[in-house]
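Proteins get letters first, then strands, A, B, ... in listed order; numbering begins at 1 in each. Worth knowing before you read on, the calculation uses all heavy atoms, side chains too, and leaves out hydrogens, waters and symmetry mates.
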Amino acid sequence: MLDLLGNLQRTHSCGSLREEHVGQTVVLMGWVARKRDFGVFTFIDLRDREGITQIVVSEDFAPEAHTKAKQARSEYVIAVKGEVVARSPETVNQKIPTGKIEVLAKEILILNDSKPLPFELEKVGSQNLASEELRLKYRYLDLRRPQLQRNLMMRAQAIKKIREYMDSLGFIEIETPILLKSTPEGARDFIVPSRIYRGKFFALPQSPQILKQICMIAGFDKYYQIARCFRDEDLRADRQPEFTQLDVEMSFVNQEMVYSVIEGVFRSVFRLIDVELPEKFPRMTYNEAIERFGTDKPDLRFSMELKDLTESFKTAENIASSPFASALQNGGMVKAITVKGKADYSRKQLDELQEFVKRYGASGLTWIKFLEETQSPLAKFFSPEKLTEFAEKAEAEKGDIVLIVAGKKSVVLPALGALRIEIAKRENLIDKNTYKPVLITEFPMFEYNEESGQYEPAHHPFTSPMDEDLEFFRRAVEKDERELLGKVRAKAYDAVINGYECAGGSIRIHQREIQELNFKAIGLSPEVAKERFGFFLEALEYGAPPHGGFAAGIERICMILCGTENIRDVMAFPKTSSTQDLMMDSPGKVDESQLDELGIRIISD
RNA sequence: GGAGCCGUAGUUCAGUUGGUUAGAACGCCAGCCUGUCACGUUGGAGGUCGCGGGUUCAAGUCCCGUCGGCUCCGCCA
């Protein structure tokens, strides 16, 4: 028989009682985390989101409560009324904050029972946690785990801190619509059919980009929003189809002013985990990041930078007969990383690393073991002296191994950049308690797409070119000298922390003429530009102020705050990597009548 | 679109060269137990080896296909 809650009120959480409460009569409510039954008395570990308190129920002291306690099973929901008593010194539990006290039950109500759970919430001994598939199906149970409860509470704290900080700077929170209009640039849109305008569709926002710029034109000056965004692209460990951004826009600002807001908001949020980020973040240009780390989001918690061996190899005597000859002839490069003290890597380990870089399109990986004598597959082509010279050029010392990739720049840099991270993980080179922010600046305005042979926007099409490169930009578009597009840098920047792109933004174009040039540069005809963005081009003609801003990924920030590498650990209801919700079983079918109303017919393949 | 890893009691895993009745721990159920906190202890129940097909005297084990989960490449202005 279940008991009714009636008027009974909780007086404390299960994490709040301490020695100072001894003697008080309290009411706790929560879930039975564990029960230890000794016949004439029973211990219950009672859990709520704040913690665990031990309940003692004695047959002598409270026979009715004891009967209830005997009935209780794991995850039953119970209410306990009783007295806080101090534990004797030898029975204190050091492992939990409430361990110096326990609650001697006078009355117990069983508010609800529970079937045995499909998996255990706490892993025991060497047991692993249940598979993520099962936990996602029973997300409401998985979310009872203290770890996930802590993560979601941290997320709530982070968002609260952000709002406080933005408010303190005079930013105004403005909500923008979820039902927008599709603009085929960028990511794939999620679209929503219109019932009233049959055959027409809304699109969910990939970000509120245009709307926040419109807010600037509307004179709001400093806008922010905790905005939900949607992108219908394949998932990754740090990517979900819907996610949350801190979206910010400011008028009358240059990059420096935006940087200081980014720095301030991150500093404020990281104080939640007692981390004091520097007042000014280090800066690095995009080109420098790519050359030194092989990525535009470098993890600066460890060094192991990429070293350029291109010139050394070019001037080597037997280069023509070496495997690098063709790579170098085609304007390629040779780069290396040096792994400290790992000249003892085995054949098997090197084969694995070889396979690893091949995933990034590298033709292979070669190496020099820098010992008393150098060892290398390259010894067939180069003298020991030359190999030593290469190794020293890669800043290797005796006992190190130099890992070398050669080929096209667009392959070598990402492959070695990824290898750098992989080795750092394998060799435990990353101190989990350090936090290294960096601002990446001077992104290219356009990227050359090798497949299409076209220049494509690297950021979004509202990004302003750098003042220094404006003439290049004009010439490139107006005189159709398209190769000049590759030289145009944008007023675009990213904030990177520990290798995660946590925020990105730009100074926007606020003049119609430049905006039209940019649409032309990315291949939008004036007609198409007008159809898609006509309202925006028009808005630029009514006194648009200079403006810029950024967007910061809430989940990625929370991942770092919570020390997890998985975005699902900081979202309440995430989807699987194939975009399903295993709990609700979404996406799901809809009734034929719903489709009829929308004028939609399903074509099966 | 492509690649890798994984799928065996409720859960986490083991399962040898293809071989006879598929095991362990935890959980669950029943009993005992006055200080546990991963309680202890005695006993018990519990299996579509993801699914489909094939090879074989014989398949959890080998082969093909398929579904699902995770990770990565492409993709993510």
Side-chain angles (χ1 to χ4, degrees), chain A residues 33-46 52-61 73-75 85 87-96 98-99 102 104 115-138 141 183-189 206-207 209-210 229-241 243 352 355-362 411 414-415 418 421-422 443 445-447 449 451 456-463 490 492 501 504 506 518 522 524 551 553 565-566 568 575-578 580 582:
Chain A
R34 269 215 158 76
K35 186 176 77 165
R36 293 176 292 278
D37 185 347
F38 285 78
V40 295
F41 70 102
T42 297
F43 297 103
I44 288 172
D45 289 343
L46 192 65
I52 282 183
T53 299
Q54 175 164 279
I55 312 297
V56 195
V57 199
S58 155
E59 189 168 35
D60 294 339
F61 181 73
R73 298 275 187 272
S74 272
E75 300 303 313
V85 296
R87 296 205 204 180
S88 64
E90 66 276 14
T91 61
V92 164
N93 184 351
Q94 305 282 3
K95 293 181 199 160
I96 54 173
T98 60
E102 60 197 359
L104 181 59
K115 295 203 294 186
L117 264 38
F119 60 92
E120 289 164 64
L121 298 189
E122 278 178 282
K123 56 178 182 174
V124 173
S126 60
Q127 294 242 110
N128 288 329
L129 215 48
S131 72
E132 188 155 21
E133 190 175 1
L134 189 71
R135 289 185 287 121
L136 284 170
K137 182 175 175 191
Y138 295 98
L141 299 179
T183 54
E185 296 75 25
R188 212 173 277 119
D189 285 315
Q206 297 176 24
S207 84
Q209 183 59 37
I210 289 188
C229 304
F230 306 85
R231 294 176 191 173
D232 189 4
E233 296 292 345
D234 289 344
L235 280 63
R236 287 288 187 279
D238 63 349
R239 261 171 31 197
Q240 283 269 315
F243 60 99
E352 281 171 14
E355 286 309 308
F356 182 85
V357 296
K358 281 184 178 172
R359 291 215 293 272
Y360 294 83
V411 168
I421 303 289
E422 173 69 13
F443 274 78
M445 187 92 172
F446 304 96
E447 277 167 354
N449 182 324
E451 274 180 34
E456 295 173 352
H459 203 51
H460 56 61
F462 312 106
T463 301
E501 182 194 322
S506 62
N518 200 30
I522 63 176
L524 280 190
E565 295 194 340
N566 198 314
R568 295 181 298 276
K575 290 173 179 60
T576 66
S577 64
S578 53
Q580 287 192 342
L582 296 181

When the C1' atoms of B/G53 and B/U42 are considered, how many whole Å apart are they? 48 Å
With both distances under 3.5 angstrom, what nucleotide forms a Watson-Crick or G-U wobble pair with B/C62? B/G54
Whole angstrom is fine here: how far is it from CD in A/E422 over to C1' in B/C72? 10 Å
Checking side chain to side chain contact (heavy atoms under 4.5 Å, CB included) for the pair A/T576/A/E133: CA distance, chi angles, key distance, verdict? CA-CA 8 Å; A/T576 66; A/E133 190 175 1; over 6 Å; no
Describe the nucleic acid contact of A/Q580 in one word from base, sugar-phosphate, nothing, applying a heavy-atom distance below 4.0 Å. sugar-phosphate
Counting the atoms with a prime plus P, OP1 and OP2 as sugar-phosphate, which does A/D234 contact under 4.0 Å by heavy atoms, base, sugar-phosphate, or nothing? base
Is it true that, when you exclude A/K137 itself, more than 12 heavy atoms of the residues, nucleotides or ligands shown sit nearer than 6.0 Å to its NZ? no
Backbone N or O of A/I52 within a donor-acceptor pair of the A/T98 side chain at under 3.5 Å? yes
Hey, could you give me the NE2/OG1 distance between A/H460 and A/T183, rounded to the nearest 0.5 Å? 11.5 Å
Quick check against the 3.5 Å criterion: does A/Q206 have a side-chain atom that pairs as donor or acceptor with the backbone of A/A187? yes
Under 4.0 Å: is that the gap between some side-chain N or O of A/R359 and OP1 or OP2 of B/G4? no
Kindly give the atom pairs (protein nitrogen or oxygen, nucleotide nitrogen or oxygen) under 3.5 Å for nucleotides 5-7 of chain B.
none

Under 4.0 angstrom between A/R135 side-chain N/O and B/G69 OP1 or OP2: no
Consider the side chain of A/N128, meaning its heavy atoms from C-beta on, and name the nucleotide among B/U36, B/C37, B/C13 that approaches it most closely. B/C13
Under 4.0 Å, counting only non-hydrogen atoms across every strand here, what does A/R188 touch: a base, just sugar-phosphate, or nothing? nothing
Verdict with supporting geometry, A/N518 and A/M445, side chain to side chain contact (heavy atoms under 4.5 Å, CB included): CA-CA 10 Å; A/N518 200 30; A/M445 187 92 172; 3.7 Å; yes
Reckon A/Y360 touches a base, only the sugar-phosphate, or nothing at all at heavy-atom distances under 4.0 Å? sugar-phosphate
Please classify the nucleic acid contact of A/P461 as base, sugar-phosphate, or nothing, using heavy-atom distances under 4.0 Å. base
Looking only at side-chain N and O atoms, does A/S577 come under 4.0 Å of OP1 or OP2 in B/G69? no
For A/R34 and B/G35, give me the distance from atom CZ to atom C1', rounded to whole Å. 17 Å
Would you mind reading off the distance between A/I421 atom CD1 and B/C72 atom P, rounded to a whole angstrom? 12 Å
Identified pairing partner of B/A25, criterion: Watson-Crick or G-U wobble below 3.5 Å: B/U11
Ignoring backbone atoms, establish whether A/K35 has a side-chain N or O less than 4.0 Å from OP1 or OP2 of B/C37. no
Base, sugar-phosphate, or nothing: which does A/Q240 touch, judged by heavy atoms less than 4.0 Å apart? nothing
Please work out if A/E132 contacts a base, only the sugar-phosphate, or nothing of the nucleic acid, heavy-atom cut-off 4.0 Å. sugar-phosphate
Is there a donor-acceptor pair under 3.5 Å between the side chain of A/Q240 and the backbone N or O of A/K575? yes
Return the stacking result for B/U36 and A/F43: yes when the ring centres lie under 5.5 Å apart and the planes under 30°, no otherwise. yes
Here the distance between atom P of B/U71 and atom CZ of A/R568, to the nearest Å, is 4 Å
OP1 or OP2 of B/U12 less than 4.0 angstrom from a side-chain nitrogen or oxygen of A/S131, does that happen here? yes
Taking any heavy-atom pair under 4.0 Å as a contact, classify A/L129: base, sugar-phosphate, or nothing. sugar-phosphate
Heteroatom pairs (N/O) under 3.5 angstrom, protein to nucleotides 23-25 of chain B:
from, atom 1, to, atom 2, distance (Å)
B/A25, N3, A/Q127, OE1, 3.3

Side chain of A/F38: nearest nucleotide among B/G35, B/C29, B/C76? B/G35
Choosing from B/C37, B/U12, B/C72, which nucleotide comes nearest the side chain of A/R87? B/C37
Contact under 4.0 Å: A/N566 side-chain N or O vs B/U71 OP1/OP2: yes
B/U34 OP1/OP2 closer than 4.0 Å to side-chain N/O of A/S58: no
Could you label the plane-to-plane angle of the A/F43 and A/F41 rings as parallel, tilted or perpendicular, counting under 30° as parallel and over 60° as perpendicular? perpendicular
Please report the distance separating the P of B/C26 from the corresponding atom of B/C39, rounded so that it comes out in whole Å. 11 Å
I'd like to know if the side chain of A/R73 reaches the main chain of A/P116, judged simply by a donor and an acceptor atom lying under 3.5 Å from each other, with no hydrogens or angles considered. no
Could you please spell out the steps behind the side chain to side chain contact (heavy atoms under 4.5 Å, CB included) verdict for A/F446 and A/I522? CA-CA 9 Å; A/F446 304 96; A/I522 63 176; 3.7 Å; yes
A/Q54 and A/R36: side chain to side chain contact (heavy atoms under 4.5 Å, CB included), yes or no, with the steps? CA-CA 10 Å; A/Q54 175 164 279; A/R36 293 176 292 278; 2.9 Å; yes
Any strand, both distances under 3.5 Å, Watson-Crick or G-U wobble: B/A3 pairs with B/U71
Integer angstrom distance from the C1' of B/C13 to that of B/U8: 9 Å
Between CG of A/L134 and P of B/G27 the distance, given in whole Å, is 18 Å
Hey, is the side chain of A/R36 poking within less than 4.0 Å of OP1 or OP2 on B/C33, counting only N and O atoms? no
Quantified in whole Å, what is the C1' atom distance between nucleotide B/A45 and nucleotide B/G2? 47 Å
Between A/D60 and A/S578, which residue's closest nucleotide on RNA chain B lies nearer the 5′ terminus? A/D60
Closest-nucleotide ordering on RNA chain B, the 5'-leading residue of A/S88 and A/A130: A/A130
Indicate yes or no: at least one non-hydrogen side-chain atom of A/R231 is less than 4.5 angstrom from one of A/F243. yes
Short side-chain N/O contact from A/Q54 to OP1 or OP2 of B/G35, under 4.0 Å: no
Quick one: label A/A458 by what it contacts on the DNA or RNA (base, sugar-phosphate, nothing), any heavy atom closer than 4.0 Å. sugar-phosphate
To the nearest Å, give me how far apart CZ (A/R236) and C1' (B/A3) are. 12 Å
With heavy atoms under 4.0 Å as the rule, sort A/T576 into base, sugar-phosphate or nothing. sugar-phosphate
A/R239/A/E233 salt bridge by N-O under 4.0 Å criterion: no
From the list A/N93, A/V85, A/V92, side chain to side chain contact (heavy atoms under 4.5 Å, CB included) with A/E102 holds only for A/V85
Looking at B/A30, I'd like to know if its phosphate oxygens (OP1 or OP2) sit under 4.0 Å from a side-chain N or O belonging to A/R73. yes
Nucleotide B/A3, atom C1' - distance to CD of A/E352 in whole Å: 16 Å
Using a 4.0 Å heavy-atom cut-off, does A/K95 contact any base of the nucleic acid, only the sugar-phosphate backbone, or nothing at all? sugar-phosphate
Distance, rounded to the nearest Å, where A/I55 contributes CD1 and B/G35 contributes C1': 15 Å
